[in-house]
Amino acid sequence: MSINATLFIQAIVFLILVWFTMKFVWPPIAKALDERAQKIAEGLAAADRAKTELTAANQRVEKELSQARNESASRLADADRRAQAIIEEAKARATEEGNKIVASARAEAEQQTVQAREALREQVAALAVKGAEQILRKEVNAGVHADLLNRLKTEL
C-alpha cells in the first residue's frame with residue numbers, strides 16, 4: 001500500500017470518527033455541560049436572591065428591634081410616670097389622713113380639756129361649798145342656792 005492510500009483511509013476513518021462523535025457522543029456531553037451551566041447559574045441566582053432576602057430580613061429585624069426598644073423605653077417611661085403619680089397620690093392621701101388625725105386629736109384634746117375644766121369646776125364648787133359650810137358651821141342647801149353656785153362655777 002502506498003502512503004497516499006493510507007493517508008486517505010486514515011482521513012476517511014477520522015471523518016467517520018468525527019461524524020460519529022458529533023452525532024452520538026457530543027450531544028449528550030453538550031447537553032450535560034449545558035445542564036450543569038444552567039444549574040450553576042440557577043444556584044448563583046438563588047444565592048443572590050438569598051443574599052438580598054437576608055439583607056431585607058436583617059433590615060426588618062433591625063427595624064423591629066429598634067421599634068421594640070423604643071416601645072419598651074416608652075413603656076418604662078410610662079411606668080415611671082405612673083409610679084411617681086401613685087407615690088404623689090399616696091403622699092397626698094397620707095398627708096390628708098394625717099391632718100384629719102391631727103384635727104381629730106386636737107378636737108378630742110380640746111373636748112377632754114373642756115371636760116376636765118368642768119370636772120374641776122364641779123370639784124372646786126363642791127370644795128367651796130364645804131369650806132363655806134365649815135366656816136359658817138351650818139349646812140348650805142344646794143337646791144336653794146343653785147343660782148349662786150352656778151355663778152360661782154362660771155367665775156372659776
Side-chain angles (χ1 to χ4, degrees), residues 1-130 142 146 149-156:
M1 277 208 197
S2 80
I3 194 141
N4 286 332
T6 307
L7 265 171
F8 182 71
I9 291 175
Q10 283 183 353
I12 290 176
V13 170
F14 180 72
L15 286 176
I16 291 172
L17 180 65
V18 168
W19 173 81
F20 180 78
T21 305
M22 293 294 276
K23 181 80 173 171
F24 297 109
V25 177
W26 187 253
I29 291 174
K31 183 179 176 184
L33 287 175
D34 288 342
E35 287 176 359
R36 180 73 177 145
Q38 185 180 0
K39 284 181 183 178
I40 289 172
E42 287 173 359
L44 289 174
D48 286 341
R49 282 192 309 269
K51 189 184 255 187
T52 57
E53 288 174 5
L54 178 63
T55 304
N58 282 338
Q59 289 174 351
R60 284 193 309 267
V61 166
E62 201 56 45
K63 183 179 177 182
E64 288 178 13
L65 281 174
S66 67
Q67 287 176 347
R69 285 186 195 116
N70 291 340
E71 187 176 323
S72 66
S74 68
R75 285 184 181 176
L76 285 174
D78 287 344
D80 285 342
R81 275 187 251 125
R82 287 180 186 156
Q84 289 300 324
I86 289 170
I87 289 171
E88 291 300 321
E89 184 179 328
K91 283 182 183 178
R93 273 192 260 148
T95 303
E96 183 180 322
E97 190 67 28
N99 289 341
K100 284 181 183 177
I101 291 171
V102 167
S104 173
R106 284 184 181 159
E108 188 177 332
E110 185 68 30
Q111 186 180 17
Q112 287 177 355
T113 303
V114 168
Q115 287 175 355
R117 283 183 185 163
E118 287 296 322
L120 187 59
R121 282 185 186 148
E122 292 286 331
Q123 289 175 358
V124 168
L127 285 174
V129 168
K130 282 186 181 179
L149 291 175
N150 283 335
R151 273 192 280 138
L152 180 63
K153 281 183 194 178
T154 54
E155 288 176 11
L156 294 176

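All heavy atoms count here, side chains included; hydrogens, waters and symmetry mates do not.
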Audit row: I101, E97, side-chain contact (heavy atoms from CB on, under 4.5 Å) steps and yes/no: CA-CA 6 Å; I101 291 171; E97 190 67 28; 4.2 Å; yes
What I want to find out is whether [X] reaches [Y] closely enough, with some N-O distance under 4.0 Å, to be called a salt bridge.
X	Y	value
D34	K31	no
E71	R75	yes
E64	R60	no

To the nearest 0.5 Å, what is the distance between [atom1] on [X] and [atom2] on [Y]?
X	Y	atom1	atom2	answer
R106	N99	CZ	CG	9.0 Å
L7	I12	CG	CD1	11.0 Å
F14	T21	CZ	OG1	8.5 Å
L15	M22	CG	CE	12.0 Å
E62	N58	CD	CG	8.0 Å
E53	T55	CD	OG1	10.0 Å

pair Q123-L120: side-chain heavy atoms closer than 4.5 Å: yes
Backbone N/O of K100 and side chain of S104: donor-acceptor pair under 3.5 Å: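 No.
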